[in-house]
Number of protein chains: 2
Amino acid sequence: MTITPLASRFVAHFGEMGSRWGINRTVGQIYALLFVSNKPLNAEEIAEALSISRSNVSMGLKELQAWRLVKLQHQPGDRREYFSAPDDVWTIFSTLAEERRKREVDPTLTMLRDALMERPSEPGDKFAQQRMKEMYEFIELFTSWFSDVQKMEPKTLMQLMKLGSRVKKLLEVKDKIAVIAGSKSK
Amino acid sequence: MTITPLASRFVAHFGEMGSRWGINRTVGQIYALLFVSNKPLNAEEIAEALSISRSNVSMGLKELQAWRLVKLQHQPGDRREYFSAPDDVWTIFSTLAEERRKREVDPTLTMLRDALMERPSEPGDKFAQQRMKEMYEFIELFTSWFSDVQKMEPKTLMQLMKLGSRVKKLLEVKDKIAVIAGSKSK
DNA sequence: ACCATATTTCAGTAATTACTGAAATATCAA
DNA sequence: TTGATATTTCAGTAATTACTGAAATATGGT
């Protein structure tokens, strides 16, 4: 298994980027390789393409599986495991976001909730709790919005993203309609 | 400068989180400390509160300044530099996103653009380029949407986030109006 | 059950990143 | 300009994280 210069640049770039995001370099490289590969690859092929040890690939793939970022499949008459990245970029992004939420955002919310439950005994704590509350509410709003977005069909989502800040107009129209209809919505 | 048990837990948590995001632990801690502090702090106070060396604080603050995440100010009659975190959580998030875009997303887009310009010489390259194109378009759409969102007033933004996936209804209404008005918008 | 081969684990080592203390530099006030 | 104090730099070291090769384990076909 060899790698073209074009793919090589892509792979190297994502190796670098990975390390900036707390993902180890080889994991980033493995994923990038799978992403641009036109067919599923087995561990041996990955190791050769990236010039890393077989065991390193094993660990990297384990990590990617834990993140639900790779699909594992089998080829008929071959007992080796073949891996590929999902076809859809939005799926990839969405999975990544969901996993990070589980691993980082949820524990943060728990920590904040616990901290907010406590009676502010020492002087500065009242202020600190106020700040934590702001952060808590922001994260809450943001994550529940994102989970809503995740449920939307990609088509609706595209529409919304393309609308960009012109969505403001639409919200104004909505409010007018609400007023006319005598709705309590504000 | 001492730190209450409540603040201490918050600080420790963001130290941990930082390292998962490619931000070094002490930088995360410094920022967390400034975030919950009711007054600006100088480097010495930070070093004492976190039990780290003065030079480490200096490097951490430099890093945070490079990210535009801290405000530097002076107290009358005191030549030491005092630091604080912005008041508004949305501002913090927004700044962080913007910096990451500059440092990571923009270089990625450049790399992808360059790769897409090249003639696919080797076999797999055509497929690889197709994949890179998908990624390019996704990132483009997403970042330009985000920069639109950044321009919106927080109030409009809140409204939109609270609307969540019910925005779909609104988009449908919009399309109907467009049809009635004979607009070419789709 | 056995063998061939695929995969994982893990202890040791390599590489990277973080941190410190000391020295150098900068800054402000007298 | 000098001195007191604040800040930065940086070489050396500590701590952490990544990687390898060898051994252990798992798997599927005969």
Side-chain angles (χ1 to χ4, degrees), chain A residues 1 11-12 14-34 39-67 70-84 103-104, chain B residues 1 11-12 14-34 39-67 70-84 103-104:
Chain A
M1 180 69 191
V11 163
F14 277 87
E16 299 301 321
M17 284 307 144
S19 39
R20 296 208 195 178
W21 282 82
I23 290 156
N24 105 29
R25 197 161 42 85
T26 50
V27 172
Q29 292 179 340
I30 293 171
Y31 198 69
L33 178 63
L34 292 176
K39 60 178 201 301
L41 302 177
N42 65 45
E44 193 102 352
E45 292 171 318
I46 296 170
E48 201 198 333
L50 303 178
S51 308
I52 59 179
S53 74
R54 181 62 189 72
S55 55
N56 200 1
V57 174
S58 177
M59 291 188 294
L61 287 171
K62 213 177 133 197
E63 178 93 7
L64 287 170
Q65 282 176 288
W67 283 90
V70 289
K71 273 185 310 202
L72 164 58
Q73 58 225 120
H74 286 276
Q75 313 250 323
D78 186 341
R79 46 192 271 239
R80 282 170 296 181
E81 296 180 323
Y82 285 80
F83 296 88
S84 61
R103 293 161 189 232
E104 288 134 25
Chain B
M1 180 67 192
V11 163
F14 276 87
E16 300 300 321
M17 284 307 144
S19 39
R20 297 208 194 178
W21 283 81
I23 290 155
N24 105 29
R25 196 160 43 87
T26 51
V27 172
Q29 291 179 342
I30 293 171
Y31 198 69
L33 178 64
L34 293 176
K39 60 177 199 302
L41 302 177
N42 65 44
E44 193 102 351
E45 291 171 319
I46 296 170
E48 201 198 334
L50 303 178
S51 308
I52 58 178
S53 74
R54 181 64 189 70
S55 55
N56 199 3
V57 174
S58 178
M59 292 187 292
L61 287 170
K62 213 178 133 196
E63 178 94 7
L64 286 170
Q65 283 176 287
W67 283 90
V70 290
K71 273 185 309 202
L72 165 59
Q73 58 226 124
H74 285 276
Q75 313 250 323
D78 186 341
R79 43 192 273 242
R80 282 170 297 181
E81 296 180 323
Y82 284 79
F83 297 89
S84 61
R103 293 160 190 232
E104 287 135 25

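All chains are named by letter (A, B, ...) in the order of the sequence lines, taking the proteins before the strands, and each is independently numbered beginning at 1.
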**Q** Roughly, in whole Å, what's the span from CD in Glu81(A) to C1' in dT8(C)?
**A** 11 Å
**Q** Is Ser58(A) near enough to dT7(C) that one of its side-chain N or O atoms lies under 4.0 angstrom from OP1 or OP2?
**A** no
**Q** Using only atom types and a distance under 3.5 Å, with no angle test, would you say the side chain of Gln29(A) pairs donor to acceptor with the backbone of Gly15(A)?
**A** no
**Q** Begin from the C-alpha positions of Leu61(B) and Ile46(B) and carry the test side chain to side chain contact (heavy atoms under 4.5 Å, CB included) through to its verdict.
**A** CA-CA 10 Å; Leu61(B) 287 170; Ile46(B) 296 170; 4.2 Å; yes
**Q** Show the numbers, then the answer: is there a side chain to side chain contact (heavy atoms under 4.5 Å, CB included) between Arg80(A) and Tyr82(A)?
**A** CA-CA 6 Å; Arg80(A) 282 170 296 181; Tyr82(A) 285 80; 3.7 Å; yes
**Q** What integer distance in Å separates Arg25(A):CZ from dC19(D):C1'?
**A** 10 Å
**Q** Take the protein atom CG of Asn24(B) and the nucleotide atom C1' of dT16(C), then report the distance between them rounded to whole Å.
**A** 13 Å
**Q** Work out how much the helix from dA1(C)-dT30(D) to dA30(C)-dT1(D) bends between its end axes, five pairs an end, to the nearest 10 degrees.
**A** 40°
**Q** Mind calculating the distance between CD1 (Ile23(B)) and P (dC19(C)) to the nearest angstrom?
**A** 13 Å
**Q** Without decimals, in angstroms, what is the distance between Leu72(B) CG and dT27(C) C1'?
**A** 14 Å
**Q** Hey, does Glu81(A) have a side-chain heavy atom less than 4.5 Å from the side chain of His74(A)?
**A** yes
**Q** Phe83(B) and Leu41(B): side chain to side chain contact (heavy atoms under 4.5 Å, CB included), yes or no, with the steps?
**A** CA-CA 5 Å; Phe83(B) 297 89; Leu41(B) 302 177; 5.9 Å; no
**Q** Can you find a heavy atom in the side chain of Pro40(A) that is under 4.5 Å from one in the side chain of Gln75(A)?
**A** yes
**Q** Using a 4.0 Å heavy-atom cut-off, write out nucleotides 21-30 of chain D from 5' to 3' as B (base contacted by protein), S (sugar-phosphate only) or - (no contact).
**A** B-----BS--
**Q** Distance check: side-chain N/O of Arg54(B) vs OP1/OP2 of dT8(D), anything under 4.0 Å?
**A** no
**Q** With a 6.0 Å cut-off (strictly less than), is the heavy-atom count around CD of Gln65(B), excluding the residue itself, greater than 12?
**A** yes
**Q** Over how many whole Å does the gap from Ile46(A) atom CD1 to dC19(D) atom P extend?
**A** 14 Å
**Q** Could you state the atom-to-atom distance from CD of Glu63(B) to C1' of dT8(D) in whole Å?
**A** 15 Å
**Q** Check for a donor-acceptor pair, side chain of Glu45(A) on one end and backbone N or O of Asn42(A) on the other, with a separation under 3.5 Å.
**A** yes
**Q** Hey, does Glu44(A) reach any base, or is it just sugar-phosphate, or nothing, if we go heavy atoms under 4.0 Å?
**A** nothing
**Q** At less than 4.0 Å, is any side-chain N or O atom of Lys62(A) found next to OP1 or OP2 of dT9(C)? Yes or no.
**A** yes
**Q** If you look at every strand shown and take non-hydrogen atoms under 4.0 Å, does Ser19(A) touch a base, only sugar-phosphate, or nothing?
**A** nothing
**Q** Whole angstrom is fine here: how far is it from CG in Leu61(A) over to P in dT8(C)?
**A** 8 Å
**Q** Would Arg20(B) and Arg103(A) satisfy side chain to side chain contact (heavy atoms under 4.5 Å, CB included), going step by step from the backbone distance to the final call?
**A** CA-CA 10 Å; Arg20(B) 297 208 194 178; Arg103(A) 293 161 189 232; 3.8 Å; yes
